[in-house]
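Any value given below was found using the heavy atoms of this structure, including those in side chains, with hydrogens, waters and symmetry copies removed. All residue numbers refer to positions in the sequence shown, counting from 1.
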Amino acid sequence: YSFYITENIYNPHITEKSFETSFAKANPHTIISSYKFRTLFWAIQESPMGNIIDIGVLRGGSSIFLASLMQGESKLFAVDNWSEKKETHSDPLLQNSSSRDLYIFKTAIRNIRIEEYINICDDSLNSFIDSYRNILRGTVSLIHFDLYDDKVFDQNIEDMLELLMHGGCLLLGGYGALSLPKLTRSVNEFTNKSRSYTRFFEDKSGYGIILKI
């Protein structure tokens, strides 16, 4: 058996009011740990100002959190294929999104009054990139990739990095998970061959982070 023992680490953002307020809005709509939300908060604080893409939205907790922190005219693009019929995962830790999840997400952002910051894209990542490539190229500061699919990562990683501005980062929610060895291997293989234009970090919360330099 393998076990993870968590560490108590210093994080200057834990008690910041903007973190607490945004997390309270997102928490009812997420299965992501509070530790990962602290990393999302760090990423949006440290990245250059720009658009955000949230991939694998489900009920929208991370999108709500990130959109609540956005400023200016930047937009968050919430990408998931809610309407597509999918087979049920045998692994209970993996969940497919559904039209019911999309309804919950839309209701939440309407009640919180952050619709103006969010573009909902009910489509596959491939189709989203094809539609928005020219519009978003070099304007994205943060991509949150919370799909647990190594094939989707392999097919779209170069295109996602093309959308990122220099200094922007890509956060990989499934990196290092015991149930997702193929995704972790795909990320490792890509980062090993892309060192001339990326840097890779693994956060204590579990995120794999690719920084575009």
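- Put simply, the side chain of S141 gets close to the backbone of P48: a donor and an acceptor are under 3.5 Å apart.
- In this structure, the side chain of K75 engages the main chain of E116 through a donor-acceptor pair within 3.5 Å.
- For the pair D101 (side chain) and S97 (backbone), a donor-acceptor distance under 3.5 Å is absent.
- Nearest heavy atom pair, residue L58 against residue N96, reads CD1-O, 3.8 Å.
- A distance-only check finds no donor-acceptor pair linking the side chain of T30 to the backbone of A26 [under 3.5 Å].
- For F128 and Y132, the ring centers sit closer than 6.0 Å to each other.
- Both the sub-6.0 Å distance and the 45° axial angle are not jointly satisfied by R38 relative to the ring of F41.
- Cation-pi check for K36 over Y207 is met; the charged atom lies under 6.0 angstrom from the ring centroid and within 45 degrees of its normal.
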Fill in: Stepwise salt bridge (Lys or Arg N to Asp or Glu O under 4.0 Å) check, R133 with D159
CA-CA 8 Å; R133 185 192 308 275; D159 290 326; 2.8 Å; yes
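- Separation of the F65 and H144 ring centroids does not fall under the 6.0 Å cut-off.
- A ring pair (Phe, Tyr, Trp, His ring centres under 6.0 Å) check over residues 165-185, counting only residues at least two apart or in different chains, returns the pairs Y175-F200.
- Between I44 and I52 the shortest side-chain heavy-atom distance falls below 4.5 Å.
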Worksheet entry | Chi angles and distances behind the side-chain contact (heavy atoms from CB on, under 4.5 Å) call for S68, T21 | CA-CA 9 Å; S68 297; T21 302; over 6 Å; no
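- A donor-acceptor contact shorter than 3.5 Å is absent between the side chain of D54 and the backbone of A78.
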